[in-house]
Amino acid sequence: MNGMSRIVKKVTQLLVSIIFMYGVYIVTHGHLTPGGGFAGGAIIVGAFALIILAYGSDALKLHKEEAGSSASESLSILMVLILAVIGFFVGGMVFFNNYLPTGVVGELISAGTVPLYNIFIGMEVAAALLTIFIALVIFKEESK
Amino acid sequence: MELLLSIILGFMIIGAIFALHARDLLSALVAFGIVGYSLVICFLLLKAPDLAIVQIVVETVTLVIMVAVILNSTREEVKDKLRWQSALTIVLALLFIGGLVYFYQVAIAPLDELGMHTTRMAEAYIEGAAEKTGSANLVTGVLFDFRGYDTLGEATILFTAAIGVLTVLRLKGKKAA
Amino acid sequence: MIVYSLCFVLFMVGLYGVVTRRNMIKIVIGLAIMEISIFMFLVLIGYIQGAEAPIITGHETAVQFVDPLPQAMVLTAIVIGLATNAMLLAIAIRIYKNYGTFDIRKVNELKG
């Protein structure tokens with residue numbers, strides 16, 4: 001798959017960073033405003049998909065990206081489990097225990113473990129969907 | 001409110017029927033987009049902004065993946081003639097529809113009218129949420145604190161789906177290093 | 001109550017598509033329509049007339065919130081729906097590569 005025209009590539013360069021930053025904002029402010037890990041992860045996938053569609057699969061080393069996204073997906077789900085198990089041992093003998101101080105409602109650093117779960121779930125969603133997308137693109141390339 | 005939602009749902013039904021009957025697969029996908037994006041408007045009307053954000057992005061990603069799948073394939077729809085020769089099939093289908101409608105009636109009877117919902121289970125989540133979790137967004141509080149197991153199960157399903165797609169779509173085996 | 005019935009009708013449309021269509025992409029679309037009708041129904045159940053979205057902004061006084069529980073459940077269900085749809089599409093495109101058709105009855109006849 002070849003890339004698109006030069007105009008599309010340039011606009012993509014300008015837009016992708018903004019979309020990515022918006023996704024990160026949605027993830028990190030998930031406990032204050034609408035959004036969260038699921039929505040932000042899907043937005044981040046949108047940024048990566050835009051790069052792949054605009055630049056084509058020739059310009060990118062998709063196999064390496066696939067390996068990286070697959071590994072980060074596994075790592076982030078492992079981190080969610082580790083956070084849950086730490087909550088089990090720190091207090092209460094309950095999984096998903098909120099053991100960090102909750103702070104003031106409405107501040108960015110508050111709500112204990114909720115922002116951490118948000119970040120790791122966001123990574124998980126983004127990496128899983130990106131893996132699926134790259135696998136489809138590679139399949140399209142190789143089956144020609 | 002109910003009238004507005006009914007109109008949007010009517011549009012969704014029309015879009016769904018067209019999506020299932022379109023000749024060209026690409027126009028079927030566009031008609032399916034009607035259904036998904038109308039759902040976003042419904043979520044906004046129903047005071048669910050989290051769901052609206054998720055659904056609008058997910059719908060877009062779904063459409064991109066679907067278009068990528070059908071783009072280099074044959075796009076024309078296979079001709080399907082309805083085979084009405086078997087009366088037994090029609091009778092079975094009508095019986096099935098009747099049974100579904102009956103169970104729908106049974107299930108819908110104890111529900112409240114639209115907008116008259118009384119929160120029973122979520123009472124505890126709403127009352128003590130701000131003090132217990134410190135999360136201003138109650139949906140996130142429910143998702144990651146009170147009901148963490150659901151989220152973990154969801155992440156597991158995503159992981160399994162990604163592994164499944166990798167397995168199904170792998171053409172060349174990995175070289176033994 | 002008419003909104004609930006319309007959700008049921010949308011579900012039946014999706015089921016009709018899954019049962020009668022021969023094209024695999026159309027079957028996936030039918031499944032997605034069924035999913036969407038269920039999401040709509042669950043969020044409709046949690047709606048309260050005149051209530052606010054479940055986000056604490058700090059300067060509301062004794063206001064009522066929409067039920068956050070169905071919203072949280074639907075939030076996970078939407079992402080799961082995307083993953084399962086992608087899985088089904090992957091299987092469909094794999095079958096297309098092997099058999100050269102999306103027609104599910106032809107694939108049944110070929111076998112091999």
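Sequence lines set the chain letters: A, B, ... in the order given, protein chains first and strands last, and positions in each chain run from 1.
Residue B/Met12 comes nearest to C/Ile36 through the heavy atom pair CE-CG2, 3.7 Å, listed as atom of the first residue, atom of the second, then distance. For the pair C/Val13 and B/Ala16, the tightest heavy-atom approach, listed with the atom from each and the gap, is CG1-CB, 3.8 Å.
Per-residue counts of heavy-atom pairs under 4.5 Å with chain B were compared for C/Ile45, C/Val74, C/Ile27; the largest is that of C/Ile45. Your options are C/Tyr47, C/Tyr4, C/Phe39, and the one with the most heavy-atom pairs under 4.5 Å with chain B is C/Tyr47. Comparing C/Ile2, C/Val9, C/Val28, C/Leu10 by heavy-atom pairs within less than 4.5 Å of chain B, the highest count is held by C/Leu10. Highest contact tally toward chain C, considering only B/Val35, B/Asp150, B/Thr62, B/Leu39, is held by B/Leu39 [criterion: heavy-atom pairs under 4.5 Å].
Between C/Phe8 and B/Ile108 the shortest side-chain heavy-atom distance does not fall below 4.5 Å. Side-chain contact between B/Leu100 and C/Leu15 is present, with heavy atoms from C-beta onward closer than 4.5 Å. Using a 4.5 Å cut-off on side-chain heavy atoms (C-beta onward), B/Phe96 and C/Val19 make no contact.
B/Leu158 CG to C/Leu82 CG: the interatomic distance, rounded to the nearest 0.5 Å, is 8.0 Å. Annotation: the span from C/Leu6 atom CG to B/Leu5 atom CG amounts to 10.0 Å, rounded to 0.5 Å. Atom CD1 in B/Ile163 sits 10.5 Å away from atom CE in C/Met87 (nearest 0.5 Å).
Put simply, the side chain of C/Lys26 never gets that close to the backbone of B/His21: no donor and acceptor are under 3.5 Å apart. For C/Gln71 (side chain) and B/Lys47 (main-chain N/O), a donor-acceptor pair under 3.5 Å exists by modelled atom type.
For chain C, no part of B/Val57 is nearby; none of its heavy atoms comes within less than 4.5 Å. Heavy-atom distances place the backbone of B/Leu45, and not its side chain, under 4.5 Å from chain C. In this structure, chain B has heavy atoms under 4.5 Å from both the backbone and the side chain of C/Ser5.
Taking a 6.0 Å sphere around CG of B/Leu29, one finds it holds more than 12 heavy atoms contributed by other residues, nucleotides or ligands.
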query = C/Tyr96 and B/Ile70: side chain to side chain contact (heavy atoms under 4.5 Å, CB included), yes or no, with the steps?
reply = CA-CA 10 Å; C/Tyr96 182 81; B/Ile70 66 161; over 6 Å; no

